[in-house]
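See structure below.
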Amino acid sequence: LVAADFNDISTGGLSGKAGGSGFSGTWYGSSSPQVVAGDLTYADYAITQSNTAQRIRSSSNTADRQDVRDLAAAQSGEVWFTVLVNVLTGTRHAGLTFNTYGNAYDPITTDLRVFMTTNQLQVGYNGGSANSTGSYAVDTTHLILGRMYVVGGDDSISVWVDPELNGVTGPSGLPAADYTSPATNFTDSITDVGAAGNGNSSGTNTFVDAIRVSDTATAFYDVTGCSPPNAGTLFVFQ
């Protein structure tokens with residue numbers, strides 16, 4: 001499990017800082033993402049953030065920017081992830097990237113990027129044009145939930161925006177995904193994750209928080225906080 005909620009590091013520029021778990025080294029890339037006060041919160045989300053409430057703000061008004069961090073161990077197979085994103089009104093976007101192969105600060109030159117705009121979901125592969133879908137509330141914190149199948153050949157990804165998780169005890173309880181990819185070979189394993197955004201220094205900012213990525217046997221529960229069937233049940237054998 002890889003997790004970062006930015007509550008255990010100092011405020012200011014993200015680059016060069018550590019914190020979180022499951023990573024190797026520190027964040028690197030742009031000087032634009034800034035750690036600022038206040039957690040992003042989503043009502044139907046069981047993951048609890050502790051320590052000092054903080055999130056990332058992107059204040060670049062010139063181009064997409066991101067900070068990237070290497071994983072301590074590459075992930076593959078069935079990989080689940082979640083992130084909280086808030087994009088204020090304006091032509092902006094923010095979200096996650098996976099496997100940077102260009103300039104570290106550029107979220108476009110990555111194997112995969114999953115963004116929210118002010119009112120749409122965007123998914124892009126291998127530096128290509130993004131696929132846009134949906135129409136979502138603006139100026140709102142959204143929960144993005146994703147499932148990737150990362151293998152040696154064609155990969156796939158499904159993404160949910162604001163899924164109803166209350167009472168869900170497994171992936172089969174989810175509604176239909178908001179986006180499902182065609183067969184696309186975007187990578188063979190996940191080796192780094194990026195926190196990306198395009199904001200505005202005059203106040204139109206984008207925010208990212210509560211990043212979780214897992215390929216464990218309990219990956220869905222790792223990133224959603226949902227309880228598996230029979231969780232907490234005590235069985236007594238005589």
Side-chain angles (χ1 to χ4, degrees), residues 1-9 14 17-29 33 35 39-42 44-56 66-85 94-100 110-114 141-151 155-163 165-166 168-174 177 186-196 208-232:
L1 170 63
V2 171
D5 61 17
F6 313 106
N7 291 355
D8 55 356
I9 60 177
L14 180 61
K17 295 178 178 177
S21 60
F23 295 100
S24 173
T26 60
W27 293 93
Y28 58 93
V35 179
D39 283 336
L40 293 184
T41 60
Y42 181 78
D44 187 19
Y45 185 49
I47 297 296
T48 300
Q49 299 186 59
S50 57
N51 298 323
T52 304
Q54 296 177 155
R55 54 187 165 170
I56 292 176
Q66 70 170 354
D67 270 313
V68 177
R69 200 162 177 200
D70 297 329
L71 307 189
Q75 297 191 12
S76 60
E78 184 175 2
V79 180
W80 286 84
F81 64 88
T82 49
V83 64
L84 296 177
V85 177
L96 295 183
T97 67
F98 299 92
N99 293 9
T100 293
T110 56
D111 287 344
L112 173 68
R113 62 190 191 274
V114 181
T141 295
H142 295 286
L143 171 65
I144 299 178
L145 168 66
R147 176 181 59 198
M148 297 182 277
Y149 287 100
V150 179
V151 294
D155 312 300
S156 65
I157 180 172
S158 297
V159 183
W160 292 260
V161 179
D162 301 338
L165 294 178
N166 186 33
V168 171
T169 58
S172 63
L174 292 172
F186 54 84
T187 191
D188 292 339
S189 65
I190 302 300
T191 58
D192 67 58
V193 62
V208 173
D209 202 4
I211 298 169
R212 299 177 78 86
V213 186
S214 178
D215 68 347
T216 73
T218 57
F220 172 77
Y221 307 101
D222 291 343
V223 304
T224 62
C226 291
S227 298
N230 300 318

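When a residue number appears, it is its place in the shown sequence, counting from 1. A quick note: this is a predicted structure, and the numbers were derived from the prediction, not measured.
Checked against a 6.0 Å centroid threshold, the rings of Phe81 and Phe98 count as neighbours.
Of all non-hydrogen atoms in Thr141 and Tyr42, the two that sit nearest each other are O-CD1, 3.7 Å. Taking both residues in full, the closest heavy atoms of Phe6 and Asp209 are given as CD1-OD1, 3.7 Å, listed atom of the first, atom of the second, then distance.
By the 4.5 Å heavy-atom criterion applied to side chains, Ile211 and Leu96 are counted as neighbours.
At distances below 3.5 Å, at least one donor-acceptor pair connects side-chain atoms of Asp39 with backbone N or O atoms of Gln54. Between the Asp44 side chain and the Leu165 main chain, a donor and an acceptor come within less than 3.5 Å of each other. Between the Arg69 side chain and the Ala195 main chain, no donor and acceptor come within less than 3.5 Å of each other. Put simply, the side chain of Asp155 gets close to the backbone of Thr187: a donor and an acceptor are under 3.5 Å apart. With Tyr221 contributing its side chain and Thr169 its backbone, the two residues share a donor-acceptor pair below 3.5 Å.
A donor atom on one side chain and an acceptor atom on the other are found under 3.5 Å apart for Thr216 and Asp222. Checking Gln66 against Thr100 by side-chain atom types alone, a donor-acceptor pair falls below 3.5 Å.
Take Thr191 and apply the side chain to side chain contact (heavy atoms under 4.5 Å, CB included) test, not counting sequence neighbours, and it matches Ala74, Asn99, Ser189. Residues meeting the ring-ring contact (aromatic ring centres under 6.0 Å, His included) test with Tyr45, sequence neighbours left out: none.
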